[in-house]
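Order of appearance sets the numbers: ligands from 1, and atoms from 1 within every ligand. The model shown is predicted, which means the values in this text are computed figures rather than measured ones. When reading the values below, keep in mind they use all heavy atoms of this one structure, side chains included, and skip hydrogens, waters and symmetry mates.
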Amino acid sequence: MRIDIVTIFPEFFSVLDISLLGKARQAGIIEVVAHDLRAFTHDRHRTVDDTPYGGGAGMVMKPEPWGEAIDSIVGPGRSDAVLVVPSPAGEPFTQAVARELAAESHLVFACGRYEGIDQRVTDHYEGRMRVRLISLGDYVLNGGEVAVMAMIEAAGRLVPGVVGNPESLVEESHEDGLLEYPSYTKPSVWRDLEVPPVLLSGNHGAVAEWRREQQIERTRRVRPELLSD
Ligand SMILES: N#Cc1c(-c2ccc3ccn(Cc4ccccn4)c3c2)n[nH]c1N
């Protein structure tokens, strides 16, 4: 998988060189390149924003640098890449969306700032490639970088070969529509708190049943809406 990120803060993504995704990059499973949007400006001040037509507070990101930046990545004409634009107005980012992104061969993330990117950028690229506006959640961030970091981590870890034991992906929260069961490890007693005896029983069937019950109970308590449909 190839991931390109366009941002005015390319250094923000240097953290992707470490941890799990760092190993995946070293193994060549995922290739990540961050591009500085200001490299596609041509004025002395490297301007990427301007005042909004129609008035209003804040600034809007100019379309020209975005067009040059994205064209430098996907070339002219049509592209099989997916342009992912984090936005408060986007579709909710879920585990299912993470799985969809993980199945793609080329993702281009456009990290906006200020009040967002001129609408004509996504309008233009919808005629050349798949475009997805995706929201990390119902709260307001200052830009797209934090959202893209979360999306890359959530999708990247689902790419075959990134996580050592694929089994560990199956029983996670949201993978089966439920929250995950509580986990325990040694010691069996810690500050007078004991590990649930069923987990020490060696009875795999009983353990699986208890874990399923815990998932349902926890989901009903914390996220009842996940049980509704
Ligand atoms: N994903 C996601 C986001 C964002 C997000 C994503 C990209 C940008 C680019 C600029 N801003 C600031 C901003 C503030 C107010 C109205 C419009 N834009 C962003 C915010 N906020 N909350 C989420 N779940």
Side-chain angles (χ1 to χ4, degrees), residues 1 3-16 21 30 32-41 45-74 81-104 106-126 129-159 173-174 179 222-223 225-226:
M1 174 188 280
I3 296 176
D4 287 283
I5 308 161
V6 181
T7 168
I8 59 172
F9 299 122
E11 67 278 9
F12 184 93
F13 294 95
S14 54
V15 73
L16 289 175
L21 287 185
I30 297 179
V32 181
V33 178
H35 308 260
D36 184 353
L37 180 67
R38 294 193 193 277
F40 299 91
T41 61
H45 298 294
R46 311 185 84 200
T47 308
V48 294
D49 65 309
D50 206 333
T51 53
Y53 277 121
M59 303 290 274
V60 174
M61 299 193 92
K62 295 168 59 62
E64 302 98 321
W66 282 103
E68 290 190 30
I70 297 171
D71 283 357
S72 76
I73 295 165
V74 302
V82 180
L83 178 62
V84 179
V85 185
S87 166
E91 62 180 296
F93 184 61
T94 63
Q95 188 69 5
V97 173
R99 280 197 293 269
E100 290 165 9
L101 297 184
E104 296 291 345
H106 190 185
L107 299 174
V108 180
F109 288 95
C111 297
R113 279 273 153 174
Y114 307 101
E115 294 304 308
I117 303 170
D118 187 298
Q119 178 62 36
R120 289 169 293 182
V121 174
T122 51
D123 291 350
H124 167 78
Y125 283 102
E126 276 169 356
M129 60 199 294
R130 289 166 292 161
V131 178
R132 295 186 76 166
L133 267 63
I134 302 178
S135 170
L136 197 58
D138 292 337
Y139 37 80
V140 180
L141 302 170
N142 286 332
E145 285 78 9
V146 166
V148 166
M149 188 70 82
M151 294 174 192
I152 290 176
E153 173 143 330
R157 64 196 300 274
L158 299 177
V159 173
S173 281
H174 304 291
L179 300 186
V222 179
R223 295 289 301 280
E225 76 279 8
L226 295 179

Contacting atoms of ligand 1, where contact means under 4.0 angstrom from a heavy atom of G143: 5 (C), 6 (C), 7 (C), 8 (C), 9 (C), 10 (C), 11 (N), 19 (C)
Ligand 1 contact on I134 by region, counting heavy-atom pairs under 4.0 Å: backbone
Side-chain heavy-atom pair Y125, D71 within 4.5 angstrom cut-off: yes
F12 vs T7 side-chain heavy atoms within contact, under 4.5 Å: no
Residue portion contacting ligand 1 (non-hydrogen atoms closer than 4.0 Å) for Y114: backbone
Side chain to side chain, Q95 and L158, heavy atoms closer than 4.5 Å: yes
N142 contact mode with ligand 1 (heavy-atom cut-off under 4.0 Å): backbone
Closest approach of any protein heavy atom to atom 14 (C) of ligand 1, naming residue and atom: V140 CG1, 3.5 Å
Heavy atom of the protein closest to atom 24 (N) of ligand 1 (residue, atom name, distance): G137 O, 2.9 Å
Let me have the donor-acceptor pairs involving side chains of residues 107-119, under 3.5 Å, with sequence neighbours excluded, atom names and distances please.
residue	atom	partner	partner atom	Å
R113	NE	E145	OE1	2.9
R113	NH2	E145	OE1	2.9
D118	OD1	R120	N	2.8
D118	OD1	R120	NE	2.9
D118	OD2	R120	NE	3.4
D118	OD2	R120	NH2	2.7
Q119	NE2	T122	OG1	3.3
Q119	NE2	D123	OD1	2.9

Euclidean distance, M151 CE relative to S135 OG, rounded to 0.5 Å: 7.0 Å
Nearest-0.5 Å distance, CD1 of residue I30 to CD1 of residue I152: 9.0 Å
Which residue and heavy atom of the protein sit nearest atom 16 (C) of ligand 1, plus the separation: E115 OE1, 4.0 Å
Min N/O separation G144 to ligand 1 under 3.5 Å: no
Protein residue, atom and distance nearest to atom 22 (N) of ligand 1, heavy-atom basis: Y139 O, 2.6 Å
Close side-chain approach of T47 and T41, heavy atoms under 4.5 Å: no
Contact with ligand 1 for G90, non-hydrogen, under 4.0 angstrom: no
Whether V85 lies under 4.0 Å from ligand 1, heavy atom: no
Side chain proximity check, V82 to E100, heavy atoms < 4.5 angstrom: no
Contact partition for S87 relative to ligand 1, non-hydrogen atoms under 4.0 Å: backbone
Min N/O separation P88 to ligand 1 under 3.5 Å: no
pair V121-V85: side-chain heavy atoms closer than 4.5 Å: no
Distance from atom 7 (C) of ligand 1 to nearest protein heavy atom, with residue and atom: P86 O, 3.3 Å
Separation between CD1 of I73 and CD1 of I3, rounded to the nearest 0.5 Å: 12.0 Å
S135 N/O to ligand 1 N/O under 3.5 Å: yes
Protein heavy atom at shortest distance from atom 21 (N) of ligand 1: L141 N, 2.9 Å
